[in-house]
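Here the structure comes first, spelled out in structure tokens, and everything after it is commentary.
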Amino acid sequence: MTTTSEEDLEQFRESVRGALAGVSTPTRVRAAMMTERGWDEPTWRLMAQLDLPGLMLPERHGGSGLGAAELAVAVEECGAWLACSPLFATSVLAVPLLLALDDADALERHGRRIARGELTATVALAETGARWDVSEMRTTARREGGSWRLDGAKHHVVDGASADLLLVVARTPDGPGVFAVERAAAGLAVEPLVTLDHTRKMARLELTGVAGELVGAIGCEAALAAATDVSRALLAAEQTGVAQRCLDMVVEYAKTRIQFARPIGSFQIIKQRLADALIQVESARSAVYTATRSTGAELARDSRVAALMAGKASTWVTAQTIQLHGGVGFTWEHDAHLYFKRARASARLLGQADEHVATLGELLEHEVA
């Protein structure tokens, strides 16, 4: 895997930021989130031109051969701009799973189209309570002749109503497996969900005898865990971008909002809150930096640290943004509520804080032992 210098990463960040500034304006974000699909073609085409969909895919499969550290830069900017696109579902959820399963045929079949932006994908794992937990999974896969048939239901599938390729995780007698399902497959019923975050569409999938193609091997618990660790670190990068943008917004507001004949940013209580926000954002960014450069057992630990730090930063800073903007911060017309809702929804997407803390405790006990 190719490594990128810090200078090149900053140049890459500026390129992504400049591109998103033109296509992910507040007006376009609001227009996209009101559509059924939740994203527009020009934004996705631009991301494909920047090679974002296939950034982590190997060059032999049409990608750029880079890693999570590089994609994290782009994902953080997408969070800052609330970019409505299939990038999260495709490159943050689906691509790490395809890579972890290490199925050369599947990568060759889907990789080049993903890299070109011609194929969008997502992962369908969560079920009851929207928990990202294989142990609670009830969807099953059974052999029927020479093919697999899937039965069950998946909840809160990101871009589940629009993704071309669904990587459905299901139980078999020999352990969990991942099955590629086409969106138009017979027996697949899709129900778009109304969720807190309007900028990220989700759906419920009902599978009744749906044909699926096995990707990788049965008994892929390790691959699922490894892929989730990568996705969790990248989600933390997006949460950091959300927090950073809100901090920028409220700092600018504090400079220009006049109260008692002086900018509110001159008051000690405001200074203290903004300083606390900066500490949380920078701590989250440092945790993401570490996690996206870790592997193996260290990644399992560091991705959860990043999730805790970025989750706390994004939820707290977005709430402060609403409060410090005063009355205007509570209005539909202001963007603060969009960031707040994204932060709240993301905090539950790949595991909740108490789950991360519990798992971290187990991992640290194992390290000490």
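Hydrogens, waters and symmetry mates play no part in the numbers below; they use all other heavy atoms, side chains included. Index from 1, following the sequence. In this text, all values refer to a predicted model and were calculated from it rather than measured experimentally.
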- Stepwise, does the side chain to side chain contact (heavy atoms under 4.5 Å, CB included) test hold for L107 with L99? CA-CA 8 Å; L107 282 168; L99 293 173; 4.2 Å; yes

- Query: In terms of the angle between their ring planes, are F267 and F260 parallel, tilted or perpendicular, with boundaries placed at 30° and 60°?
  - Reply: perpendicular

For [X] and [Y], test the side chains for any donor-to-acceptor distance below 3.5 angstrom and give the result as yes or no.
| X | Y | answer |
| --- | --- | --- |
| T199 | D197 | yes |
| Q244 | R285 | yes |
| D151 | T140 | no |
| T172 | D174 | no |

Find the distance between [atom1] ([X]) and [atom2] ([Y]) and round it off to the nearest 0.5 Å.
| X | Y | atom1 | atom2 | result |
| --- | --- | --- | --- | --- |
| E182 | L166 | CD | CG | 9.5 Å |
| R348 | E355 | CZ | CD | 8.5 Å |
| D103 | L214 | CG | CG | 7.5 Å |
| T4 | Q11 | OG1 | CD | 11.0 Å |
| H155 | T128 | NE2 | OG1 | 5.5 Å |
| L119 | R112 | CG | CZ | 14.0 Å |

Nearest heavy atoms of [X] and [Y], plus distance in Å:
| X | Y | value |
| --- | --- | --- |
| A233 | T292 | CB-CG2, 4.1 Å |
| V242 | G79 | CG2-O, 3.5 Å |
| M47 | S85 | SD-OG, 3.2 Å |
| C84 | T43 | O-CG2, 4.1 Å |

- Message: So that I can tick it off, tell me whether E108 and R60 are bridged by a salt bridge, with the cut-off set at under 4.0 angstrom between side-chain N and carboxylate O.
- Response: no

- Salt-bridged, R37 to D159, with N to O below 4.0 Å? no

- Item | Option passing side chain to side chain contact (heavy atoms under 4.5 Å, CB included) with V181 (candidates L167, L205, V210) | V210

- Task: Could you check V194, V158, T122 and say which one makes a side chain to side chain contact (heavy atoms under 4.5 Å, CB included) with M202?
- Result: V158

- Query: Cation over ring, R200 on F88, under 6.0 Å and within 45°?
  - Reply: yes

- Message: I322 vs Y339, test: side chain to side chain contact (heavy atoms under 4.5 Å, CB included). Steps then yes/no.
- Response: CA-CA 10 Å; I322 292 176; Y339 286 93; over 6 Å; no

- Message: Quick one, Q280 with D276, criterion side-chain hydrogen bond (donor to acceptor under 3.5 Å, both in side chains). Give me CA distance, side-chain angles, the key distance, then yes/no.
- Response: CA-CA 6 Å; Q280 291 203 33; D276 289 344; over 6 Å; no

Above 12 or not: heavy atoms from other molecules or residues under 6.0 Å from [atom1] of [X]?
| X | atom1 | result |
| --- | --- | --- |
| R17 | CZ | yes |
| R142 | CZ | yes |
| R143 | CZ | yes |
| E41 | CD | yes |
| E6 | CD | yes |
| K312 | NZ | no |

- Apply the test salt bridge (Lys or Arg N to Asp or Glu O under 4.0 Å) to residues D335 and R245: give CA-CA distance (whole Å), side-chain angles for both, the deciding distance (0.1 Å), then the verdict. CA-CA 11 Å; D335 292 334; R245 173 50 63 88; over 6 Å; no

- Message: With a 4.5 Å cut-off on side-chain heavy atoms, are L278 and E282 touching?
- Response: yes

- Item | Non-hydrogen side-chain atoms of S231 and L350 separated by less than 4.5 Å | yes

- Partner of K154 under salt bridge (charged side-chain N to carboxylate O under 4.0 Å, His left out), picked from E127, E191, E206, is E127

- Task: Dump the intermediate steps for side chain to side chain contact (heavy atoms under 4.5 Å, CB included) on R342 and Q239, then the final yes or no.
- Result: CA-CA 8 Å; R342 169 65 69 87; Q239 291 171 303; over 6 Å; no

